[in-house]
Amino acid sequence: MLKIRPGKRPIRWSIVWIETFDLLRHHWIRLTTGLALMLVASATAFVIPWAGKQLVDEVIGAGRHELLTPLALLTGGATFVLAVTTFGLSQLLGVAAQRAINDLRKTVQTHVTRLPPKYFDRTQSGALISRIMTDADGIRNLVGNGIVQLISGIMTALIALGFMLWINPMMTLWVLVVLSVFGIGMAIAFSIIRPLFRERREINAQVTGRLNESINGIRIVKAYTAEPFEQRAFSGGVDRLFVKIAATITGSSATAAMAKVAGGLIAVILILIGGRATLNGTMTPGDLIWFSMLTFMLAAPITQIASIGTQISEAFAGLDRIREVMQLTPEDADEAEREPCPPIRGDIRFENVTFGYDPDAPVLKDINLEAPAGSTVALVGSSGAGKSTLVSLAMAFHKPQKGRVVIDGKNLSDLRIRDFRSQLGVVLQENFLFDGTIAENIAFANPEADINDVKRVAKLAHCDVFIKEFPKGYDTIVGERGIRLSGGQRQRIAIARALLAEPRILILDEATSSLDSESEQMIQDGLKHLRTGRTTFVIAHRLSTIRSADEILVMEGGRIVERGTHDTLLARHGRYRELHDKQYQLEHERFVNPGEHFDEDLDEVETLGR
């Protein structure tokens with residue numbers, strides 16, 4: 001079931017405020033202009049209450065009818081100015097807010113792509129998408145109307161308070177008592193609501209992540225009739241989300257209710273104290289009208305602050321979640337301090353390398369190997385032997401806990417990662433294709449390549465055989481993760497992609513696992529040509545694909561237990577011979593009695609897998 005992960009750090013407000021001020025600094029011109037417009041609007045708003053006082057005292061009370069038209073024109077002009085400034089604010093600050101959101105999204109996405117692969121292994125994609133898209137969207141309340149309205153509201157309240165004290169100090173003090181109690185209640189409400197918004201975002205990210213996994217794996221879900229389980233998991237998540245949303249709605253409703261109560265109490269004060277003052281002549285009827293309008297001009301910003309405060313609290317929670325990601329150390333954080341990696345020959349050595357995803361449970365133990373430039377090294381062994389982990393170290397996806405990986409005599413940890421990886425070609429067991437055309441997916445390894453280069457490598461990988469059958473040819477859309485293609489077709493496109501990269505080091509992690517025997521044979525010559533002059537690591541469960549390897553490493557339990565050529569290892573009658581004979585026995589029995597040994601096949605097919 002979906003649960004909130006424990007151990008979340010509390011919000012470090014000092015850091016959040018620093019980040020907030022940094023955002024404001026980058027958009028200070030628009031924000032300053034917006035504040036000026038807001039102040040003009042606020043000042044203009046005081047014209048209407050004053051005009052009300054003049055209407056009651058001078059026009060109606062004193063009979064100065066000549067003031068009626070000027071007061072009407074003044075009120076109309078103030079209304080026009082308010083309309084213009086309101087429109088200008090929405091345009092000015094709305095654009096500023098959206099630009100800030102766009103900048104933040106790009107900054108976070110750039111940082112996320114620089115994080116090490118191990119971070120993505122333990123983080124849901126939906127959670128990351130939520131942080132980049134949803135959390136960033138919350139800052140519109142910081143660099144948009146939110147902060148400006150907050151500042152303007154405070155200034156409006158102070159000016160209104162000054163006028164009110166001048167009109168009737170005693171009645172103003174009673175109003176302040178009510179508003180002070182209201183303000184304290186709002187502060188308490190914010191302290192309760194703020195953590196709820198954070199939990200809402202966390203649960204929403206987890207639910208989104210699980211939903212993303214469920215949709216992407218819908219064929220597995222259906223194959224195992226796991227729809228009810230996924231429905232329960234999703235329902236449980238959205239139910240918990242509903243509880244938090246309901247709590248925030250309750251909190252927001254409580255603040256609104258407090259505002260209503262405060263408004264009612266103020267009305268009572270105006271009736272009792274203001275009415276008596278008007279009756280005994282210490283206030284004019286116009287003063288009472290003016291004071292009443294000023295009172296609501298004082299109270300309105302406080303009520304508005306309640307709404308803005310909730311929005312800003314939500315923005316702070318989003319900024320804090322973004323901060324957690326931005327504080328993670330990128331894998332190339334010390335890139336400037338590393339040596340540039342010039343074009344490499346491809347000589348690779350593992351010197352006493354030990355590595356584990358959990359430091360207390362090493363996956364690789366004291367690995368020593370040497371792959372001279374241009375050689376082909378094959379890795380075989382049982383599932384979990386450490387083959388894929390070994391090649392991930394060769395690709396600088398991880399760093400050894402002990403020992404070192406050496407490239408052309410230099411420690412890989414001392415070389416710039418991007419320089420090194422630009423000379424890699426990779427075909428992994430799980431081939432990922434993007435939702436674009438076949439040509440775009442092949443050219444992903446080299447966006448500058450033209451269509452002739454794409455067609456050349458496609459022919460070498462025997463992609464052109466099936467591409468020609470599509471009505472749109474190379475412009476055929478492959479769908480998300482290449483879902484519109486077969487496994488073998490996806491694999492051949494991945495091989496073509498690696499060919500186009502013209503790599504110095506080639507990683508083939510079961511690169512022919514999804515191909516039938518005929519297709520596999522067709523591309524063996526192409527792969528053999530590709531391997532010429534390039535250092536190649538091959539992981540394969542079909543031993544027939546690695547006969548020509550310069551060296552075969554047999555791995556068990558994170559160690560290299562045998563090494564040598566195909567013929568040498570067969571002659572030793574060791575683990576390799578055992579795996580070899582078992583595989584060919586199964587293949588022979590499948591050929592003679594197809595279907596009879598299906599269950600054994602399922603058990604043995606992964607014997608030489610990852």
Side-chain angles (χ1 to χ4, degrees), residues 106 109-117 120-121 125 128-129 132 212 216 330-332 341 343-344 388 391-392 394-397 416-468 470 472-515 519 523 526-527 529-531 534 536-537 539:
K106 289 186 287 187
Q109 189 271 345
T110 299
H111 185 80
V112 166
T113 58
R114 295 173 56 209
L115 294 177
F120 299 92
D121 293 340
S125 58
L128 282 176
I129 293 171
I132 295 172
N212 181 64
N216 287 331
E331 60 178 352
D332 59 350
C341 183
I344 60 177
S388 293
V391 297
S392 72
M395 292 186 287
F397 284 173
R416 294 181 181 174
I417 294 177
R418 290 184 58 83
D419 290 351
F420 171 69
R421 287 186 184 152
S422 66
Q423 303 180 64
L424 292 179
V426 181
V427 181
L428 301 178
Q429 184 178 21
E430 298 178 3
N431 295 302
F432 188 96
L433 300 184
F434 295 89
D435 188 12
T437 66
I438 291 176
E440 289 170 344
N441 274 280
I442 295 176
F444 188 81
N446 183 7
E448 302 301 323
D450 59 29
I451 189 62
N452 292 324
D453 292 326
V454 170
K455 290 182 177 180
R456 174 178 57 82
V457 296
K459 185 175 182 180
L460 187 61
H462 288 269
C463 296
D464 60 332
V465 175
F466 65 84
I467 293 176
K468 292 176 180 178
F470 295 135
K472 294 186 178 180
Y474 285 87
D475 292 327
T476 301
I477 300 296
V478 303
E480 186 176 8
R481 296 177 178 267
I483 195 64
R484 297 180 183 177
L485 303 179
S486 69
Q489 290 170 339
R490 291 197 297 270
Q491 201 116 24
R492 279 183 270 180
I493 288 177
I495 292 171
R497 182 167 59 192
L499 286 165
L500 191 61
E502 293 291 340
R504 300 305 308 159
I505 297 175
L506 182 64
I507 306 295
L508 303 175
D509 188 348
E510 300 196 20
T512 60
S513 63
S514 296
L515 303 177
S519 297
I523 68 169
L527 288 176
H529 173 74
L530 174 63
R531 295 200 306 262
R534 296 179 173 89
T536 305
F537 284 91
I539 299 176

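- Between the side chain of Asn441 and the backbone N or O of Phe434, at least one donor-acceptor pair lies under 3.5 Å.
- Under the rule for a side chain to side chain donor-acceptor pair (under 3.5 Å), the partners of Arg421 that lie at least two apart in sequence or sit in another chain are Glu331.
- Nearest heavy atoms, Pro503 versus Ala498: CD-O, 3.4 Å.
- Formation of a donor-acceptor pair under 3.5 Å by the Arg416 side chain with backbone atoms of Cys341 is not found in this model.
- A distance of 10.5 Å separates CZ in Phe537 from CG in Leu424, rounded to the nearest 0.5 Å.
- Residues satisfying the side chain to side chain donor-acceptor pair (under 3.5 Å) criterion with Glu502, sequence neighbours excluded, are Arg534.
- Summarising the geometry, atom CD1 belonging to Ile417 is positioned 10.0 Å from atom CZ belonging to Phe420; distances are rounded to the nearest 0.5 Å.
- Atom CD1 of Ile495 is separated from atom CG of Leu506 by 9.5 Å, given to the nearest 0.5 angstrom.
- Annotation: side chain of Arg497 is in contact with side chain of Leu433 (closest heavy-atom distance under 4.5 Å).
- Applying the ring-ring contact (aromatic ring centres under 6.0 Å, His included) rule to pairs touching residues 477-507 yields nothing, sequence neighbours excluded.
- The shortest distance between side-chain heavy atoms of Asp475 and Ile438 does not fall below 4.5 Å.
- For residues 472-491, the set of pairs meeting the ring-ring contact (aromatic ring centres under 6.0 Å, His included) definition, not counting sequence neighbours, is empty.
- Residues meeting the side chain to side chain donor-acceptor pair (under 3.5 Å) test with Arg114, sequence neighbours left out: Asp332.
- Ile451 CD1 to Ile442 CD1: the interatomic distance, rounded to the nearest 0.5 Å, is 8.0 Å.
- Rounded to the nearest 0.5 angstrom, Lys455 NZ and Asp450 CG are separated by 10.0 Å.
- Within 6.0 Å of CZ on Phe466 lie more than 12 heavy atoms contributed by other residues, nucleotides or ligands.
- Ile493 has its side chain out of reach of Phe444: every pair of non-hydrogen atoms, C-beta onward, lies at least 4.5 Å apart.
- Taking every heavy atom of both residues into account, Arg504 and Ile344 meet most closely at NE-O, 3.3 Å.
- For Gln423, the side chain to side chain donor-acceptor pair (under 3.5 Å) criterion is met by no residue, not counting sequence neighbours.
- Considering CG of Leu500 and CD of Glu448, their distance stands at 11.0 Å, rounded to 0.5 Å.
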